[in-house]
Amino acid sequence: AQTVTQSQPEMSVQEAETVTLSCTYDTSENNYYLFWYKQPPSRQMILVIRQEAYKQQNATENRFSVNFQKAAKSFSLKISDSQLGDTAMYFCAFMKPALTSGTYKYIFGTGTRLKVLA
Amino acid sequence: DAGITQSPRHKVTETGTPVTLRCHQTENHRYMYWYRQDPGHGLRLIHYSYGVKDTDKGEVSDGYSVSRSKTEDFLLTLESATSSQTSVYFCATGLNNQPQHFGDGTRLSIL
């Protein structure tokens, strides 16, 4: 069975600094997708960044980038120039197709609570 | 955005009562999902649907049932609510291998 591990329950970073959130996963699949979602206090789940396993190039979205190490099954999120609005819970998620139903299933990590300090 | 509306947003009820949560989407996404979110567990899949009248169980399905009579609506029912089902419930929709879109969640408290 697939698992997703986020080993840092809580982290803090000074405004304008850089922080890296870790995520490791376990799978025997070769075709899958990885995501980072942000959940601010408003409770919304907001997609931050997406990585396809077949792509070697690390995904980047403005101040957010990932370090995807497929062999090591690691998918860390780097936030550069941290802003107060980045304060949130961050979830790593693994997605793969479920062959029997044609749907795609997510498995989530337990989350990392990030606090950006002024 | 996928246009997902969850109702109600908050509910308090008593142990043993039936509860139904509704998820409504306007984007015609084929796949719909119900998750629960609890501290220390992230989001866990309860049930999902891959089409009208086509549903299947997730990892924490005991005590829950679902129905999908039309593409837009996915209902989650707790037949006889228990205190262990106090949680925040999220609905999500998906289209093939695209990222799932989430509703704003329903906070359910069972006393």
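The structure displayed is predicted, hence computed values, not measured ones. What's counted below: heavy atoms across the whole structure, side chains too, no hydrogens, waters or symmetry copies. All chains are named by letter (A, B, ...) in the order of the sequence lines, taking the proteins before the strands, and each is independently numbered beginning at 1.
- Of the listed residues (A:Met45, A:Gln6, A:Arg43), the one with the most heavy-atom contacts under 4.5 Å to chain B is A:Arg43.
- Cluster membership for B:Phe74 and B:Leu76, using ILVMFWY side-chain heavy atoms within less than 4.5 angstrom, is shared.
- Neither the backbone nor the side chain of B:Glu59 comes within contact range of chain A; no heavy atoms are under 4.5 Å apart.
- With hydrogens and angles ignored, the 3.5 Å screen pairs a side-chain donor or acceptor of A:Gln51 with a backbone N or O of A:Gln57.
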- Message: Please evaluate residues B:Arg36 and B:Tyr64 with respect to the criterion side-chain hydrogen bond (donor to acceptor under 3.5 Å, both in side chains), reporting the C-alpha separation (whole Å), side-chain torsions for both, the decisive distance (0.1 Å), and the verdict.
- Response: CA-CA 11 Å; B:Arg36 61 178 289 173; B:Tyr64 301 95; 2.9 Å; yes
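- The aromatic ring centres of A:Phe35 and A:Phe75 sit 6.0 Å or more apart.
- Chain A forms more heavy-atom pairs under 4.5 Å with one residue of B:Ser49, B:Gly94, B:Gly42 than with any other, namely B:Gly42.
- Neither the backbone nor the side chain of B:Arg44 comes within contact range of chain A, judged by heavy atoms closer than 4.5 Å.
- For the options A:Leu47, A:Thr110, A:Val4, heavy-atom pairs under 4.5 Å to chain B are most numerous at A:Thr110.
- Between the side chains of A:Asn67 and A:Gln69, at least one donor N or O sits under 3.5 Å from an acceptor N or O.
- Residue-level contacts of residues 81-94 of chain A with chain B, in order of numbering, are A:Phe91; threshold 4.5 Å between heavy atoms.
- With contacts defined as side-chain heavy-atom distances shorter than 4.5 Å, the pair A:Tyr32/A:Met95 does not qualify.
- You'll find the side chain of B:Thr93 stays beyond 4.5 Å of the side chain of B:Tyr33, heavy atoms only.
- Annotation for B:Cys91 and B:Met32: closest pair SG-CE, 4.0 Å, computed over non-hydrogen atoms.
- Using a 4.5 Å cut-off between heavy atoms, A:Tyr33 touches chain B through its side chain atoms alone.
- Checking B:Thr86 against B:Ser109 by side-chain atom types alone, no donor-acceptor pair falls below 3.5 Å.
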